[in-house]
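Structure first, commentary second.
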Amino acid sequence: MAATPAPPTAPPKPTWDPRKADPHFPWLRPTIRIRLTLLYGGMFLIAGILLLSIIYLLAAQALHDGGGGQSFQVTGTNIDISSQTCPQLDSATTNGQLNDMLKQCNAVQRQHALDDLLSRSLGALLGLAIIAFAFGYAMAGRVLSPLGRITRTARAVAGSDLSRRIELDGPDDELKELADTFDDMLERLQRAFTAQQRFVGNASHELRTPLAINRTLLEVHLSDPGAPVELQQLGKTLLATNERSEQLVEGLLLLARSDNQIVERKPVDLAEVATQAIDQVHGEAEAKGVVIRGERRQAVVQGNGVLLERIALNLVQNAVRYNVPEDGWVEVTTDVQHGQAVLVVSNTGPVVPAYEIDNLFEPFRRLRTERTGSDKGVGLGLSIVRSVARAHGGHIYAQPREGGGLVMRVTLPI
């Protein structure tokens, strides 16, 4: 007996996360501009300190050589000498004392001159250092301005706007070469995404048409009252299979479209979207004995209403279908927190290990179930939710709930 092949494993997940938390002090971020400014200013400051030290040493040496020894002495008598800077000269009683005092006075005058030179030079150096840092910051900004254009274009592209180009002008240097290379890459990416959209459109027509024909033929045969019971049972099975294939095709097409650019954005209230999703799932929840509750406050975002409704519908459907057999509940809340619109869907259900949370967002992956043969969906619900949330600039987070079930949290920018 041949061994059953193991199901393919999920693709490896990246080891890095491009979405980093915003720093508490963004102006302290060590950007290239700040580093170049510190480099230019630091080099000027070091050069100024060295120049000041040399000037100070040369001035000290010159004063020492020129006035190291006293060039005059008092030898006569009846000499009256007074000085405002050396008032102690008046207290000298002999010529020897007077000469010693004159020598000390000369040393004090030399030191005073050196200190004055040092203080004035330090003040001038401080002023020049401020000017050097400001000049270095301005020059670094001018040199790095092409990188700013590249960064802004990359952010626009990250928002699914592949039509943006840098088109950097100026000298043919390394930055222009980088910008041209980036433009070429964007051109190839846009062609690839255009081809993908064209393929999605063609595939939707080619896949929907035969499935619709099959459904029509099966419904016609099932409507015949004279058909045998076995044929009716087979028709119902085939109709269920056909319906599942249609759901799979719709899910794949929606998943492909949600990864593309959202061109038209309109104000959408998440509370209204969640209420509509609850209304659609209300009958299924009653049949399973699941109570839907929660307070839904106004949370208006800019986006596509159909896709945002799909987020709420998929989350609520999963919360109802993957629930406990008795006394189950689903809580759906919407609110605005920290400048973001938040949709939270939590439910009772089976215990979900934390290590399996990431696998739930992979296409065709379910919690401890086979890839096919389940009546709870086609395994694309959470993948679609994640793609739609990303297309709107938001994120979805999942965490196990204590006692069983999950807490799904979707955040979208207002």
Side-chain angles (χ1 to χ4, degrees), residues 236 239-241 243-244 246-248 250-251 254-255 258 268-299 301 305-335 341-353 356-357 359-361 363-370 372-389 394 396-412:
K236 291 180 181 179
L239 188 61
T241 304
E243 182 180 359
R244 178 181 175 81
E246 288 180 340
Q247 293 177 359
L248 177 60
E250 291 294 336
L254 181 60
L255 181 61
S258 62
V268 180
D269 188 0
L270 285 186
E272 181 181 354
V273 166
T275 302
Q276 293 177 356
I278 291 174
D279 292 340
Q280 297 182 48
V281 188
H282 185 71
E284 184 178 356
E286 282 189 345
K288 291 182 173 291
V290 176
V291 178
I292 301 179
R293 65 191 187 190
E295 182 180 2
R296 290 169 290 281
R297 299 178 180 176
Q298 185 180 27
V301 299
V306 176
L307 294 179
L308 291 176
E309 184 179 347
R310 175 64 65 171
I311 286 182
L313 181 60
N314 286 1
L315 290 179
V316 177
Q317 279 183 343
N318 280 354
V320 170
R321 293 174 181 177
Y322 296 92
N323 215 303
V324 293
E326 297 179 357
D327 299 330
W329 54 261
V330 174
E331 187 174 32
V332 183
T333 62
T334 59
D335 199 357
V342 181
L343 168 65
V344 180
V345 178
S346 56
N347 69 309
T348 53
V351 178
V352 181
E356 290 195 10
I357 292 296
N359 294 333
L360 297 178
F361 293 96
F364 307 108
R365 296 296 294 270
R366 303 186 188 88
L367 180 63
R368 295 188 297 272
T369 58
E370 299 294 334
T372 59
S374 173
D375 60 347
K376 297 181 179 180
V378 295
L380 291 174
L382 293 181
S383 300
I384 293 173
V385 170
R386 182 176 61 179
S387 297
V388 174
I396 179 171
Y397 309 93
Q399 64 182 18
R401 183 182 157 275
E402 185 178 357
L406 289 172
V407 178
M408 295 289 185
R409 181 184 180 90
V410 180
T411 59
L412 298 172

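- With rounding to the nearest 0.5 Å, the separation of CD in Gln399 from CD1 in Ile357 is 8.5 Å.
- Thr411 is linked by a side-chain contact (heavy atoms from CB on, under 4.5 Å) to Gln340, Val342, His395, Tyr397, Arg409, counting only residues two or more places apart in sequence or in another chain.
- Leu313 is listed as a side-chain neighbour of Arg310, based on a closest heavy-atom distance under 4.5 Å.
- The shortest distance between side-chain heavy atoms of Met408 and Leu382 falls below 4.5 Å.
- Under the rule for a salt bridge (Lys or Arg N to Asp or Glu O under 4.0 Å), the partners of Asp335 that lie at least two apart in sequence or sit in another chain are Arg297.
- Using a 4.5 Å cut-off on side-chain heavy atoms (C-beta onward), Leu308 and Leu412 make contact.
- The distance from atom NZ of Lys236 to atom CG of Leu239, rounded to the nearest 0.5 Å, is 10.0 Å.
- Taking the side chain as every heavy atom from C-beta outward, Glu284 and Arg321 approach each other to under 4.5 Å.
- When all heavy atoms are compared, the tightest approach of Ala389 to Ile311 is N-CD1, 3.9 Å.
- The two atoms that bring Thr334 and Ala274 nearest to each other are CG2-CB, 4.2 Å, heavy atoms only.
- Of the inter-residue distances, the one linking Leu315 atom CG with Leu343 atom CG reads 6.0 Å to the nearest 0.5 angstrom.
- Between Pro350 and Tyr322 the shortest heavy-atom distance is CD-O, 4.0 Å.
- Annotation: the span from Leu270 atom CG to Arg296 atom CZ amounts to 12.0 Å, rounded to 0.5 Å.
- The minimum heavy-atom distance between Glu309 and Val273, with the atom names listed, is CA-CG1, 3.2 Å.
- Pro400 places none of its side-chain heavy atoms less than 4.5 Å from the side chain of Val351.
- To the nearest 0.5 Å, atoms CD (Glu326) and OG1 (Thr348) are separated by 11.5 Å.
- Every residue two or more places apart in sequence or in another chain that forms a side-chain contact (heavy atoms from CB on, under 4.5 Å) with Gln298 is listed here: Asp269, Val300.
- For Asn323 (side chain) and Asn347 (main-chain N/O), no donor-acceptor pair under 3.5 Å exists by modelled atom type.
- Between Leu360 and Leu406, the closest side-chain pair of non-hydrogen atoms falls below 4.5 Å.
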